[in-house]
Amino acid sequence: MNSQPVLFTAIIQQNETMNAAFVEFPFSTEELFNKKGQVKILAIFDGKVEYRGSLAKMKSDCHILGLTQEVRKQLGKTFGDEVTVSLMEDKKERIVDLSDDIALVFNNHPDAKALFDTMSYTHKKEYIRWIEEAKKPETRENRKTKMIQMILDGKKGI
């Protein structure tokens with residue numbers, strides 16, 4: 001197992017015409033991480049912006065790493081810009097922290113909580129962020145109610 005960070009420089013590429021960006025991972029995930037599929041990673045872009053994500057194969061010859069709009073904004077970079085990447089496999093379990101009021105809603109809806117627990121970290125994180133971004137208390141309350149309904153309706157994320 002490689003415990004040293006993998007360092008490389010890459011050009012931020014645009015995913016077709018979407019406002020989505022990625023960099024190509026110029027190494028073999030099989031050789032470095034002993035994995036062919038998705039690899040959970042912790043990356044640091046330009047030595048300052050930390051990001052937890054995954055290396056994934058998306059109909060591409062090599063694995064790619066997405067750069068969210070938030071990461072690009074923090075870097076002040078966009079498509080075509082060069083970025084340095086330091087990454088390593090992320091072995092930590094990804095857990096979404098629930099605030100007390102959200103935990104309480106789930107206690108009252110154990111069926112929704114059971115479905116929530118089967119979701120990916122990313123989908124859980126989307127739901128919780130959506131509730132926590134509410135500016136007004138009544139918006140937060142409405143979103144908690146909506147979240148329970150959306151989960152029960154089988155919606156995987158926001």
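Positions are given from 1 along the sequence.
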Q: Determine, using the 4.5 Å side-chain heavy-atom cutoff (strictly less than), whether Ile41 and Phe27 are members of one ILVMFWY cluster.
A: yes

Q. Within a radius of less than 6.0 Å around CG of Asp111, do more than 12 heavy atoms belonging to other residues, nucleotides or ligands occur?
A. yes

Q | Separation between CD1 of Ile151 and NZ of Lys124, rounded to the nearest 0.5 Å | A | 10.0 Å

**Q.** Verdict with reasoning, Met88 to Leu32, per side-chain contact (heavy atoms from CB on, under 4.5 Å)
**A.** CA-CA 10 Å; Met88 51 199 316; Leu32 288 174; over 6 Å; no

Q. So does Glu126 pair up with Arg129, basic N to acidic O under 4.0 Å?
A. no

Q. Between Ser54 and Gln38, which heavy-atom pair has the shortest distance, and what is it?
A. CB-CG, 3.6 Å

**Q.** Pair Arg52-Thr122, side-chain donor/acceptor within less than 3.5 Å
**A.** no

(Q) Side chains of Leu75 and Asp81, heavy atoms from C-beta outward: is any pair under 4.5 Å? (A) no

**Q.** Expected output: side-chain His63 to main-chain Lys36 donor-acceptor under 3.5 Å
**A.** yes

Q. Would a distance-only check, ignoring hydrogens and angles, find a side-chain to backbone donor-acceptor pair under 3.5 Å from Asp153 to Lys155?
A. no

(Q) Measuring only between side-chain heavy atoms, which start at C-beta, is Thr9 closer than 4.5 Å to Val83? (A) no

Q.
Determine whether a donor-acceptor pair (N or O, by modelled atom type, separation under 3.5 Å) exists between the side chain of Thr29 and the backbone of Lys35.
A. yes

**Q.** Check: Val105 main-chain N/O paired with Asn108 side-chain donor or acceptor under 3.5 Å
**A.** no

Q) For atom CD of Gln14, is the number of surrounding heavy atoms from other residues, nucleotides or ligands below 6.0 Å larger than 12? A) yes

Q: Determine whether Ile11 and Val49 fall in the same hydrophobic cluster, where Ile, Leu, Val, Met, Phe, Trp and Tyr are linked whenever their side-chain heavy atoms lie under 4.5 Å apart.
A: no

Q: Check whether any side-chain heavy atom of Val23 sits under 4.5 Å from a side-chain heavy atom of Gln13, and report yes or no.
A: no

Q. Got more than 12 heavy atoms from elsewhere within 6.0 Å of CG, Asp117?
A. yes

Q | Carboxylate-amine/guanidinium proximity below 4.0 Å for Glu141 and Arg143 | A | no

Q: Working to the nearest 0.5 Å, report the span between CZ of Phe33 and NZ of Lys91.
A: 9.5 Å

Q: Could you tell me whether the side chains of Asn142 and Glu138 share a donor-acceptor contact shorter than 3.5 Å?
A: no

Q) Got Leu98 and Lys113 here, is their nearest side-chain heavy-atom distance under 4.5 Å? A) yes

Q: Report yes if some heavy atom in the side chain of Ile102 is under 4.5 Å from a heavy atom in the side chain of Arg140; otherwise report no.
A: yes

Q.
Rounded at 0.5 Å granularity, tell me how far CG in Leu104 sits from NE2 in His109.
A. 10.5 Å

Q | Nearest heavy atoms of Met147 and Trp130, plus distance in Å | A | N-CZ3, 4.1 Å

Q.
Please give me the minimum heavy-atom distance between Gly66 and Tyr51, naming the atom from each residue.
A. O-CE2, 3.6 Å

**Q.** Leu65 to Ala43 - nearest heavy-atom pair and separation
**A.** CD2-CB, 4.1 Å

(Q) Using only atom types and a distance under 3.5 Å, with no angle test, would you say the side chain of Asp90 pairs donor to acceptor with the backbone of Leu42? (A) no

Q.
I'd like to know whether NZ of Lys40 has more than 12 heavy-atom contacts from other residues, nucleotides or ligands below 6.0 angstrom.
A. no

Q) Nearest heavy-atom pair of Phe79 and Met18: which atoms, and what distance? A) CZ-O, 4.1 Å

Q) Quick one: does Phe25's side chain get under 4.5 Å of Ile64's, heavy atoms only? A) no

Q) Between Tyr121 and Leu115, is there a shared hydrophobic cluster once you connect ILVMFWY residues whose side-chain heavy atoms come closer than 4.5 Å? A) yes

Q) With a 4.5 Å limit on heavy-atom distance, are the side chains of Gln74 and Phe45 in contact? A) no

Q: Identify the two heavy atoms, one from Glu24 and one from Ala10, that lie closest to each other, and give their separation to 0.1 Å.
A: O-CB, 4.3 Å

Q. If you round to the nearest 0.5 Å, how far is CD of Gln149 from OG1 of Thr145?
A. 9.5 Å

Q | Minimum side-chain heavy-atom gap Ile44-Leu87 below 4.5 Å | A | no

(Q) Within this structure, what is the NZ-CG distance for the pair Lys125 and Asp97, rounded to the nearest 0.5 Å? (A) 12.5 Å

Q: Calculate, to the nearest 0.5 Å, the distance between atoms CG and OG belonging to Leu7 and Ser86 respectively.
A: 5.0 Å

Q: Just say parallel, tilted or perpendicular for the rings of Phe106 and Phe116, cut-offs at 30° and 60°.
A: tilted

Q) Counting N and O atoms only, with roles assigned by atom type, does the side chain of Lys77 sit under 3.5 Å from a partner on the main chain of Ile12, one being a donor and the other an acceptor? A) no

